[in-house]
2 protein chains.
Amino acid sequence: MKPRGRRKTQQERTADTTLKLLNATIALLHDRGLYRMSTSDIAEAAGVSRGALTHHFSSKEEIIAAAVSHQLRNATAGLHKMAEGIRQSGGTSDEIVDYLWRMMKDRLFYVTMEYLPEARHNAEFRTAIIPVVKEFHAGLNSVWAELAGQVGVEVEHALVLMNATMCLIRGMIAQSATRDDPAYFDALLDFWKEQMRREFMLKNDEFPAGAGEPKQSLAALEISAARLRHQGATKGR
Amino acid sequence: MKPRGRRKTQQERTADTTLKLLNATIALLHDRGLYRMSTSDIAEAAGVSRGALTHHFSSKEEIIAAAVSHQLRNATAGLHKMAEGIRQSGGTSDEIVDYLWRMMKDRLFYVTMEYLPEARHNAEFRTAIIPVVKEFHAGLNSVWAELAGQVGVEVEHALVLMNATMCLIRGMIAQSATRDDPAYFDALLDFWKEQMRREFMLKNDEFPAGAGEPKQSLAALEISAARLRHQGATKGR
DNA sequence: AATTACAAACAAACAAGTCTGTTTGTTTGT
DNA sequence: ACAAACAAACAGACTTGTTTGTTTGTAATT
């Protein structure tokens, strides 16, 4: 695709170099951490000079923000692709939870944890990445809304479930920094998948898709009963 | 208790100075972040000389680890106190979720996010804090197990619920760095409280308290919850 | 009880290294 | 030829750990 030995156009040169730099930045963020890496390290890892780096990015903050945006955009693209997959050939909540877990675990949230403190203490940096973060969430919404539409759950509720799922995953990965215990996290994830299955099943029964008969399973009945009982009991508070 | 203007013994001097240093360290971790603060800043904030700091702590890493341990131990003490409150006068899952949320939001997890990258990239630091983290989790277990025993839920399952709750809270606070939206987080927390209520209710029905006393009335639960709320509100520093 | 001897706590300046942003010089593309 | 892309040298600003000197508490001795 790319001309092999041929000369590159200026645009190509810029694109190549910046891409190498951004990928190297993400790798270093993950492997060494934001404060254990220098711009020299980035240039070295990218295989370019530090002059090249400073030519394209005028500050460390800027290249970090660019790299983070780059990574988030990639993740967003993946999410939309997944939403498309669900639209065309369906998908289960289990699969989505697994996908999100893998996506976050595959460096995304580790990198996020590296720059979150920076976002918290550096207003400029924060405002620089917030738009991309919002794009990312729009991607998440697509996936979840797609599943909701497929199963017939209210979109509002589906979004709550999605956000809870994401927060849970974030917290799990955060904890994994001080707890090396894959079995523990697997168990937690299994628990959550079951929760999501039940949520979608339950809602599916309450709002039957299409002309389907409102068939409630025994388990669902018990759950609804318990829920109603509790709601009624606590309303007086 | 402490002699007012009188001379202090060496032990008292050490205790006072180190405490001032540790508190200042936590405050700076929260306000400025691990990498935006220097040991000079710590000494200044504590109102002692940098020489005093280096006398008690031989490296920045060491004082950070000590401060984190200090904070975690305090939190652990609070958890055990709460477990005791539940043992004596009961408590609801709602109240516990609220307590954990407040505890984490009150600097605990913000500080944690500051040193998590360090824990991830610095093996010595990690091994230094892991024992205290484990103590902390033991404290969490106490609280949750107490509630489980009270309501008749299997302890195993209760621990899963507790861990999920903690991970959810972690993830929410992490997200709060790039999303300033209290209503959103309130909604998420409300959703979760409802989940926990249902979990405990449901399990309570599945495993009715054997030959023991009939389970506490909701009114009684509410009363003890109010007590806990008050305790939690006044225990903070 | 007072003086002296010693150790711990503290203060302040120092030395060494690192990192960032800038500047100056060279190559490559248009 | 001109400008963009790149390379490399440089200067300034921290930060950390160390060192040197001073004060405060404790214990021994007389």
Side-chain angles (χ1 to χ4, degrees), chain A residues 2-22 24-25 28-29 32-67 114-115 117-118 121-122 124-125 128, chain B residues 2-25 28-29 32-67 114-115 117-118 121-122 124-125:
Chain A
K2 183 171 55 181
R4 282 143 307 191
R6 262 239 355 283
R7 281 164 151 187
K8 287 182 269 189
T9 176
Q10 298 279 62
Q11 281 191 350
E12 285 176 332
R13 281 176 57 167
T14 297
D16 285 5
T17 305
T18 56
L19 187 64
K20 278 193 287 187
L21 282 168
L22 295 184
T25 302
L28 282 174
L29 276 175
R32 291 192 216 167
L34 177 54
Y35 311 96
R36 299 174 104 79
M37 68 193 261
S38 66
T39 50
S40 310
D41 292 333
I42 299 176
E44 189 184 355
V48 305
S49 74
R50 211 176 91 83
L53 186 152
T54 62
H55 174 70
H56 292 288
F57 305 96
S58 60
S59 73
K60 182 178 181 179
E61 181 183 325
E62 189 177 313
I63 191 173
I64 296 292
E114 293 295 330
Y115 71 77
E118 191 65 22
H121 300 294
N122 184 338
E124 285 186 41
F125 180 81
Chain B
K2 184 171 58 181
R4 283 144 305 192
R6 271 252 337 294
R7 281 160 148 189
K8 287 183 272 189
T9 177
Q10 299 278 60
Q11 280 191 349
E12 286 175 330
R13 282 177 56 170
T14 297
D16 285 4
T17 305
T18 56
L19 186 64
K20 279 193 288 186
L21 283 168
L22 295 184
N23 285 335
T25 303
L28 283 173
L29 276 174
R32 293 192 214 165
L34 177 54
Y35 310 96
R36 299 175 103 79
M37 69 194 261
S38 67
T39 51
S40 311
D41 293 333
I42 299 177
E44 190 184 354
V48 303
S49 73
R50 212 177 90 83
L53 186 153
T54 61
H55 175 71
H56 291 288
F57 304 96
S58 60
S59 73
K60 182 180 182 180
E61 179 183 327
E62 190 177 312
I63 192 173
I64 296 291
E114 293 295 330
Y115 70 76
E118 190 65 22
H121 299 294
N122 183 340
E124 286 187 42
F125 180 81

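On a predicted model such as this, the values are computed, not experimentally measured, just so you know. In what follows, chains carry the letters A, B, and so on, assigned in the order in which the sequence lines appear, proteins first and then strands, with residues in each chain numbered from 1.
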(message) Distance check needed: dT15(D) C1' versus R36(A) CZ, whole Å only.
(response) 15 Å
(message) Which residues pass the side chain to side chain donor-acceptor pair (under 3.5 Å) test with T54(A), not counting sequence neighbours?
(response) none
(message) I need the residues from residues 39-54 of chain B with at least one non-hydrogen atom less than 4.0 Å from DNA chain D; give them sorted by number, or say none.
(response) T39(B), R50(B), T54(B)
(message) Rounded to whole Å, please give me the gap between CD1 in I64(B) and P in dT15(D).
(response) 14 Å
(message) How long is the straight-line distance from OH of Y35(A) back to CZ of R36(B), given to the nearest 0.5 Å?
(response) 6.5 Å
(message) I'd like to check the side-chain contact (heavy atoms from CB on, under 4.5 Å) partners of A46(B); sequence neighbours left out, ordered by chain and number.
(response) K20(B), L21(B), A24(B), V48(B)
(request) Applying side chain to side chain donor-acceptor pair (under 3.5 Å), name anything that partners S38(A), two or more places apart in sequence or on another chain. (result) D41(A)
(request) Find the distance L34(B):CG to dT16(D):C1' and express it as a whole number of Å. (result) 14 Å
(message) Within the structure provided, determine whether F57(A) and I64(A) are in side-chain contact (heavy-atom separation under 4.5 Å).
(response) no
(message) Starting the side chain at C-beta, find the nucleotide from dA5(D), dC10(C), dG17(D) nearest to K60(B).
(response) dG17(D)
(request) Provide the full list of side-chain hydrogen bond (donor to acceptor under 3.5 Å, both in side chains) pairs with a residue in residues 43-52 of chain A, sequence neighbours left out, each pair given once. (result) T39(A)-R50(A)
(message) How many whole angstroms separate atom CD1 of I63(B) from atom C1' of dT15(D)?
(response) 15 Å
(message) side-chain contact (heavy atoms from CB on, under 4.5 Å), that's the test. Do N122(B) and Y115(B) meet it? Break it down for me.
(response) CA-CA 10 Å; N122(B) 183 340; Y115(B) 70 76; over 6 Å; no
(message) Can you tell me how far apart CD1 (I63(B)) and CD1 (I42(B)) are? Round to the nearest 0.5 Å.
(response) 4.5 Å
(request) Just jot down the side-chain contact (heavy atoms from CB on, under 4.5 Å) partners of S59(B), sequence neighbours excluded, or say none. (result) E61(B), E62(B)
(message) Just to be sure I understand: a Watson-Crick pair is purine N1 to pyrimidine N3 plus N6-O4 or O6-N4, both under 3.5 Å. Using that and G-U wobbles, which stems of three or more pairs involve DNA chain C?
(response) C:1-30 with D:1-30
(request) Indicate yes or no for a side-chain donor-acceptor contact from T17(B) to the backbone of T14(B) under 3.5 Å, with no hydrogens or angles considered. (result) no
(message) Which nucleotide wins on minimum distance to the side chain of T14(A), given the candidates dT16(D), dA5(D), dG21(C)?
(response) dA5(D)
(request) Check whether any side-chain nitrogen or oxygen of H56(B) sits under 4.0 Å from OP1 or OP2 of dA8(C), and answer yes or no. (result) no
(request) Output yes when at least one side-chain N/O atom of S58(B) is less than 4.0 Å from OP1 or OP2 of dG17(D), else no. (result) no
(request) Report the residues that fulfil side chain to side chain donor-acceptor pair (under 3.5 Å) with H121(B), sequence neighbours left out, ordered by chain and then residue number. (result) E114(A)
(message) Without decimals, in angstroms, what is the distance between L21(B) CG and dA9(C) P?
(response) 13 Å
(request) Report yes if at least one side-chain N or O of H55(B) is closer than 4.0 Å to OP1 or OP2 of dC10(C); otherwise report no. (result) no
(request) Could you pull out all residues at least two apart from H56(B) that satisfy side chain to side chain donor-acceptor pair (under 3.5 Å)? (result) none
(request) Nearest whole angstrom, please: distance from the C1' of dT15(D) to the CD of E61(B). (result) 15 Å
(request) Measure the distance from CZ on F57(A) to P on dT20(C) and round it to the nearest whole Å. (result) 15 Å
Between the protein and nucleotides 12-14 of chain D, list every N/O to N/O distance that falls short of 3.5 Å.
none

